[in-house]
Amino acid sequence: MHIVTSEPSIANHFLAELRDVNVQRDSLRFRRNLQRLGEIIAYRISSQLNYTEKVVQTPLAESRGQLLADFPVLATVLRAGLPFHQGFLNYFDQSPSAFVAAYRIEATSRVEVQVEYLSAPSLNDRVLILADPMLATGKSLALTYRAMLRFGQPRQVHIAAVIASPEGLRHVLEEIPEAHIWLAALDDHLNEHAYIVPGLGDAGDLAYGSKL
Ligand SMILES: O=P(O)(O)OC[C@H]1O[C@H](OP(=O)(O)OP(=O)(O)O)[C@H](O)[C@@H]1O
Ligand SMILES: O=c1cc[nH]c(=O)[nH]1
Ligand SMILES: [Mg+2]
C-alpha cells in the first residue's frame, strides 16, 4: 500500500484544504484539489507501468524517449469520483474511461450499495485504475470491481482513494487481494453513519451540491 502524504509534499497541502470546513465551502477549489490529488497519484502509479523506447526527432537531432506502452483504463464511481478521475485523465490522456453509478443506501447501522449504470471498454489484459476519493465501508469499490469483471479480466488493478477508513481498506483487500492500493490518507475510523472520521464530510455533496 502507498500513502502519498507519508512524506512532505504539496499533496499534504491539498489534502488539508479538502478537509478544512472553511476552505471546502469553495466547491471549485474542492473539485480542483480532488483533481490535483488524482494527478499526483496518477504520476506515482505511472512509475509502475511499462514503457517502450522510441526515437524522437527534435528540431535539432534525434533523442531516445520512453513512451507509455499502453494506457490504463480509468474507472470511477459517480458523483464524487468525477473530479478525481479528471486528474488521472489529465496525465493518462489517451486512456479510455469506465463509469459506474453506485449509491449508498444508509440503513441504521449498515450501508448497502446499489450498482446501477456501468459502461466500460474491454478490460481483458489491461491495467485498470479504479479511482474513488472516499473508501468508507469499501462496498462501493468492491461491488464496482466485481460488476466490472463482466467486461474482461484486467492483468493489473490499482485502487486509488483520497481517504480510506481501516475497515473499508480491510474489506477491499479481502475482496480484491490482487489490487495495488494508493491513498492520500488512511484515517481513524467510521462513525455510526459509515462516514470516515476525521474524513472530510460528503465528497459528492461538497463537489456538486447536496441531493434531495
Ligand atoms: O466505501 P463506501 O461505504 O461504499 O462509500 C464510498 C462511496 O461514498 C461516496 O459516494 P456517495 O455514495 O456519497 O455518492 P455521491 O458521490 O453521489 O455523493 C464515495 O464517492 C464512494 O463512492
Ligand atoms: O466519509 C464519507 C463516506 C462516504 N462518502 C463520503 O463522501 N464521505
Ligand atoms: Mg456522497
Side-chain angles (χ1 to χ4, degrees), residues 1 14-21 23-38 41 74-89 97-120 128-148 157-176 179 181-212:
M1 184 182 51
F14 298 150
L15 176 65
E17 283 198 356
L18 280 171
R19 292 186 191 274
D20 187 326
V21 283
V23 180
Q24 63 180 208
R25 282 197 199 102
D26 178 353
S27 62
L28 175 65
R29 191 165 193 88
F30 187 83
R31 291 191 300 273
R32 188 67 187 102
N33 280 330
L34 286 180
Q35 200 181 115
R36 297 199 277 200
L37 285 172
I41 297 176
L74 305 179
T76 199
V77 184
L78 302 176
R79 290 174 300 167
L82 288 177
F84 194 41
H85 171 261
Q86 186 58 49
F88 287 83
L89 200 54
S97 294
F99 294 100
V100 179
Y103 57 93
R104 305 195 330 160
I105 305 160
E106 269 185 57
T108 38
S109 59
R110 270 160 40 118
V111 167
E112 294 303 330
V113 174
Q114 189 73 29
V115 175
E116 301 249 333
Y117 177 77
L118 184 52
S119 81
L128 172 67
I129 301 178
L130 185 46
D132 187 336
M134 306 306 281
L135 197 171
T137 64
K139 289 181 185 174
S140 299
L141 278 174
L143 289 171
T144 292
Y145 179 66
R146 203 173 302 155
M148 290 190 71
V157 183
H158 297 269
I159 288 191
V162 173
I163 303 179
S165 75
E167 300 89 320
L169 179 62
R170 217 174 302 124
H171 181 68
V172 166
L173 288 172
E174 275 166 20
E175 294 288 315
I176 321 173
I181 309 281
W182 302 82
L183 305 175
L186 180 58
D187 271 11
D188 197 55
H189 66 278
L190 286 180
N191 71 12
E192 63 279 18
H193 301 292
Y195 273 78
I196 302 171
V197 180
L200 52 71
D202 191 305
D205 286 4
L206 288 162
Y208 295 112
S210 55
K211 350 180 245 279
L212 283 177

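Remember, it's 1-based here, ligands and their atoms both numbered in the order they're listed.
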Proximal ligand 2 atoms for A136, defined as those under 4.0 Å from one of its heavy atoms:
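Those qualifying, in numeric order: 3 (C), 4 (C).
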Proximal ligand 2 atoms for A194, defined as those under 4.0 Å from one of its heavy atoms:
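Numbered from 1, ligand 2 contributes 3 (C).
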State, yes or no, whether a side-chain contact exists between [X] and [Y] at a heavy-atom distance under 4.5 Å.
{"X": "F88", "Y": "T76", "result": "no"}
{"X": "R32", "Y": "R36", "result": "yes"}
{"X": "Y195", "Y": "M134", "result": "no"}

Indicate yes or no: does R19 engage D187 in a salt bridge with an N to O separation below 4.0 Å.
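Result for this pair is yes, salt bridge flagged.
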Find all atoms of ligand 1 within a distance of less than 4.0 Å from any non-hydrogen atom belonging to [X], and give their numbers and elements.
{"X": "M134", "value": "6 (C), 19 (C), 21 (C)"}
{"X": "A80", "value": "16 (O), 20 (O)"}
{"X": "K139", "value": "1 (O), 4 (O)"}
{"X": "S140", "value": "2 (P), 4 (O), 5 (O), 6 (C), 7 (C), 22 (O)"}
{"X": "A136", "value": "1 (O), 2 (P), 3 (O), 5 (O)"}

Between E167 and L190, is there a donor-acceptor pair closer than 3.5 Å when you use the side chain of the first and the backbone of the second?
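Yes; at least one donor-acceptor contact below 3.5 Å.
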Using a 3.5 Å distance criterion without hydrogens, assess whether the side chain of Q24 forms a donor-acceptor pair with backbone atoms of L18.
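Yes; judged by distance alone, with no hydrogens or angles, the pair exists.
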Walk me through whether L143 and R146 qualify under side chain to side chain contact (heavy atoms under 4.5 Å, CB included).
CA-CA 5 Å; L143 289 171; R146 203 173 302 155; 4.2 Å; yes
Is there a polar contact between ligand 1 and Y103, counting only N or O atoms under 3.5 Å apart?
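No; the residue has no nitrogen or oxygen that sits under 3.5 Å from a nitrogen or oxygen of the ligand.
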Can you confirm whether some protein heavy atom lies under 4.0 Å from atom 16 (O) of ligand 1, or whether none does?
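Under the 4.0 Å cut-off, atom 16 (O) of ligand 1 does have protein heavy-atom neighbours.
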Closer than 4.0 Å: a protein non-hydrogen atom to atom 8 (O) of ligand 1:
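Answer yes: something from the protein, a heavy atom, is under 4.0 Å.
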Within the structure, is a non-hydrogen atom of S165 found at a distance of less than 4.0 Å from ligand 2?
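Heavy atoms of S165 never come under 4.0 Å of ligand 2.
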Among [options], whose heavy atom sits nearest [atom]?
{"atom": "atom 22 (O) of ligand 1", "options": "D132, L169, V77, D202", "value": "D132"}
{"atom": "atom 8 (N) of ligand 2", "options": "A203, G199, A207, G201", "value": "G201"}
{"atom": "atom 2 (P) of ligand 1", "options": "T137, L190, L206, V162", "value": "T137"}

Taking atom CG of N33 and atom CZ of F84, what is their separation to the nearest 0.5 Å?
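So the CG of N33 and the CZ of F84 are separated by 12.0 Å.
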Residue portion contacting ligand 2 (non-hydrogen atoms closer than 4.0 Å) for A80:
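None of A80 does.
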At what distance is the nearest protein heavy atom to [atom], and which residue and atom is it?
{"atom": "atom 18 (O) of ligand 1", "answer": "R79 NH2, 3.1 Å"}
{"atom": "atom 2 (C) of ligand 2", "answer": "Y195 CD2, 3.3 Å"}
{"atom": "atom 5 (O) of ligand 1", "answer": "R104 CD, 3.1 Å"}

In D202, the N, O or S atom nearest to the Mg ion (ligand 3) is which?
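Answer by atom name: OD1.
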Over all atoms of both residues, closest heavy-atom pair of [X] and [Y]:
{"X": "L34", "Y": "A80", "value": "CD1-O, 4.0 Å"}
{"X": "V115", "Y": "T144", "value": "CG2-N, 4.3 Å"}
{"X": "P83", "Y": "Y208", "value": "CD-OH, 3.1 Å"}

Under a heavy-atom criterion of less than 4.0 Å, does G138 contact ligand 1?
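So G138 counts as touching ligand 1.
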In sequence, state the C-alpha distance, the side-chain angles, and the governing distance for I163 and L15, and then conclude on side chain to side chain contact (heavy atoms under 4.5 Å, CB included).
CA-CA 9 Å; I163 303 179; L15 176 65; 4.1 Å; yes
Heteroatom N/O/S of D205 within less than 2.8 Å of the Mg ion (ligand 3)
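False for D205.
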Would you check whether I196 has a nitrogen or oxygen atom less than 3.5 angstrom from a nitrogen or oxygen atom of ligand 2?
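Looking only at distances, the answer is yes, because the N/O contact criterion of under 3.5 Å is met.
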Determine, step by step, whether Y145 and I159 satisfy the side chain to side chain contact (heavy atoms under 4.5 Å, CB included) criterion, reporting the C-alpha distance in whole Å, the side-chain angles of both residues, the deciding distance to 0.1 Å, and the verdict.
CA-CA 10 Å; Y145 179 66; I159 288 191; 5.7 Å; no
